[in-house]
Every structure is written in structure tokens, then in C-alpha cells.
There are 2 protein chains.
Amino acid sequence: MSRSAAAYHHGDLRAALVDAAVTLVEEQSPARLSLREVARAAGVSHAAPYHHFADRGELLKAAGDRCMADFLAAQETAVAAHDDPDARLVALGEAYVGYAAAHPHAFALVFDPELCPPGDPSPERAVLIARNEELLARCVTDLLTARGQDPARAPALADALWGTVHGLAALVGDGHLPVGAVRPALEARLGL
Amino acid sequence: MSRSAAAYHHGDLRAALVDAAVTLVEEQSPARLSLREVARAAGVSHAAPYHHFADRGELLKAAGDRCMADFLAAQETAVAAHDDPDARLVALGEAYVGYAAAHPHAFALVFDPELCPPGDPSPERAVLIARNEELLARCVTDLLTARGQDPARAPALADALWGTVHGLAALVGDGHLPVGAVRPALEARLGL
DNA sequence: GTCCCGATCTTTACAGTGTCAAGAAAGGCA
DNA sequence: TGCCTTTCTTGACACTGTAAAGATCGGGAC
């Protein structure tokens, strides 16, 4: 093996399959996504994926990892663009909801409990989850200290904020709320 | 037809199929639920459901209607058990999250955007949705007037609260948050 | 009562899916 | 050159959703 363990006939089929899955998930619910369709999109036979993934679920997990990385990156860049603790938290929330609104199926894929059981996530996913939790915790703690409030409240407040933002994201992603309802709702809750 | 339009050979197969679907959804994700499995559970052939539902989706929709009715009933009885506006709102939130925690698959079924497109829900579903929105709006307005605040803020506040409660429900239902995190989060947000 | 009609259910069939086992092809190493 | 391992393809099986054709049964017409 010269460069990569997965660079033989096709080039890098594993990455190509994840690419195809992420692309297809852009227009289709993960539940409807078929392994054979992904294989067709990648230009290989319907059984080729089984040499890189144990089953359909493993392929979807890998696609979910990629989406989660994008999702986290969107939040991190949004937070990094501001200095004020209030503005950072709002930016985080808007990035969170913005991703769900722009990529509803990818958002659903990221949080699908059957693909990523919250008990034992894949190692790669666990790193992303930890980084996301740290990001939120840091923003909340910074806000509390900037306001001179007890930082011990941070965990409960972080859960509450996560709930609010996640709920708005899910409702907007599923079409139950229009995107325009997000900003007023966030402002009504964040006390700005 | 003597009594009901659907009381011929089997008794009332339509209702029996919905029953079976709701029962199966208690232990299985709606995505995994197969039409043939529901038919087997009801003791009929795999094609029998097609005389009562256009396709698998219509059966799941009917099951979702039933779950949504239960979900709404849980909220209504919780609210009716209290007089204080603050307590009523908290009770509503706890009933909302409680249903998701106790019946995560049914909760997912109720909010599945492919089964109930928020644009045009079924007539039966539309009634339930309207009742649920009215219930929340009434609770929020009552709270604002009891506190002497501007009732014009009600819509934005209702969306924000819906977001918080829905997000906590989704996170708990999917296992991303433990149930114990709900009460502190709700109290941290409702300002009690 | 008998006959027929229509609603209900079953049987059969087909395409599509996930998954596995066996065989072909192609790169790396002797 | 020739072999061996990895990669991919082909073929098969059980399962799914769905449609069409046939069987079965209740209720109204005579």
C-alpha cells in the first residue's frame, strides 16, 4: 500500500461513498436513502460499499460524522466572529438554527439516535460532541461572569439554552416554524 | 352498512391496524415499522391494509393522529390540574417532555415532517394542532396578564417557550439529555 | 327464500432493498 | 514472471411496498 490503505482500484471509494451520501442527504431524508443508490451515485456495484462499511448504518454514521463536523465548524466560526459574550451566544444560536434550516436532513442525520446512540458514539463523533459541549459551556460561563452572576448556574443554563436552540432548530428544520420566528424568539429568551 | 362503514368481515380492521401500529411504535422506530408487520400483528394478509389506507404513509399518519391526540390530552389534563398561571405553564412543559420521554417513537411519529407536512396536515390533525396552539397561547397570555406585562409579547414568547420545551423533549427522547436535566433547565428559563 | 352486487380480504406477482457468498480483476512483492 | 492480497462484481436470498386478479361474505332486490 503506497499512500492510503484505501487507494486501490477506485481511488478512495470510502471517501467517495461518504461524499455521495452527504450529497444525496441534501435532497432526501436519511430514512429514504438507500445503500444501492449511494453505490450508483459513486459509480460502483451495489455490494462494493460492504468492503468499507459493515452495513448501511455504518455508512450513514460516517456521513453523519461529516455533517456534524460541518455543523460544529459553523458554530465555531460564528462564535469566533464576536467578542461580546451576549453577541457570541446569539451567534452560536443563529448558526445552530441556520444549519438546521439550510440542511434539515443533515441535521436530522446528525441527531438520529439510531445511528449515533448517545450512550456510545464512535470515537470520531465523541470528539466532535465534546468540542461542541465545550463551546457552549464556555460561552455560557463567559456570559455569566461578564454579568457578575454565579457561574455555578452554568450547567442548568447551558441545558436550557441548548434545549431552546435545539428546539427552534428542529421546529424550523421540520417546517413547523418559519425562519423569521427564530430571532424574536431568541431575543425574547436571551434577555437582550 | 348497518353501523359503521368499516364493520364487515373483520370487525373494524381500520381501527385494529391503527391499534397495532401504535403498539408496535411503542418498541420500534417508525422508520423501521413495516406495513406487513402491522398486518401480521392484526392477523390479516399483507395486502389487507390497502383497502383502508392508500399506502404505508397513510397508515402511519393515522397512527400519528392517534398519538397526537394522546399527546394533546396529556398536556390538557396537566394544565387543567393547576390554577396559578406559572404552575400551568410548567405543568404543560413537563407533560410535553414527559410524553416524549415515555413514548419517544410516538413523539417522533407525531412530528415527522414527511408524514405530516406542516403545510397541509390532514383535517383531523389540523384540529389537534390548532387546539394545541390555542392551549399554549392561552397559557402564555394568562401568564403575561397575571404579571402585568404587555400581551403583545405573547406570540414571540410562545414560540420561544415552544422551542425550549420541544428541544428538551427531543433531546430527552433521543437520549442526549437525561430526564433529570429537564426540571432545572425549565426553572432556569421560566424565571421561577 | 334465492340471486346478485359490492365491499372486504387473500393470493399471486413484480420491482426494489439490505446483505452475504463466490468469483473476477488488478496492484504490490517475490 | 508469477503469486497473493485487496478490491470490486456477479449472483442469490429474504424481505419490503405496491398493484392486479381472484375468492368470500354480508345485505338489498325480487
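Since the structure is predicted, the reported quantities are computational estimates derived from the model, not experimental observations.
For the residue pair A:E26 and A:H105, no side-chain donor N or O sits within less than 3.5 Å of a side-chain acceptor on the partner.
Every residue two or more places apart in sequence or in another chain was checked for a side chain to side chain donor-acceptor pair (under 3.5 Å) with B:E133, and none qualifies.
Distance CG (A:L13) to C1' (C:dA26): 15 Å, rounded to an integer number of Å. Atom C1' of nucleotide C:dA24 and atom NE2 of A:H51 are separated by 12 Å, given to the nearest angstrom. For the pair A:F53 CZ and D:dC8 C1', the interatomic distance rounds to 15 Å; values are reported in whole Å. C:dG16 atom C1' lies 14 Å from atom CZ of A:R32, rounded to whole Å.
Using a 4.0 Å cut-off, some side-chain N or O of B:H52 falls inside it from OP1 or OP2 of C:dC9.
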Could you run down nucleotides 14-19 of chain D 5' to 3' and tag each one B, S or - for protein heavy-atom contact under 4.0 Å? --BBBB

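Although no hydrogens or angles enter the test, the distance criterion places no donor-acceptor pair under 3.5 Å between the side chain of B:D65 and the main chain of B:M68.
In terms of hydrophobic clustering, with Ile, Leu, Val, Met, Phe, Trp and Tyr side chains grouped at heavy-atom distances under 4.5 Å, A:V127 and A:I129 are assigned to different clusters.
Between A:W162 and A:F111, the two ring planes are tilted [angle within 30° to 60°]. The aromatic rings of A:Y96 and A:F71 sit perpendicular to each other, their planes meeting at more than 60°, with 30° as the lower class boundary.
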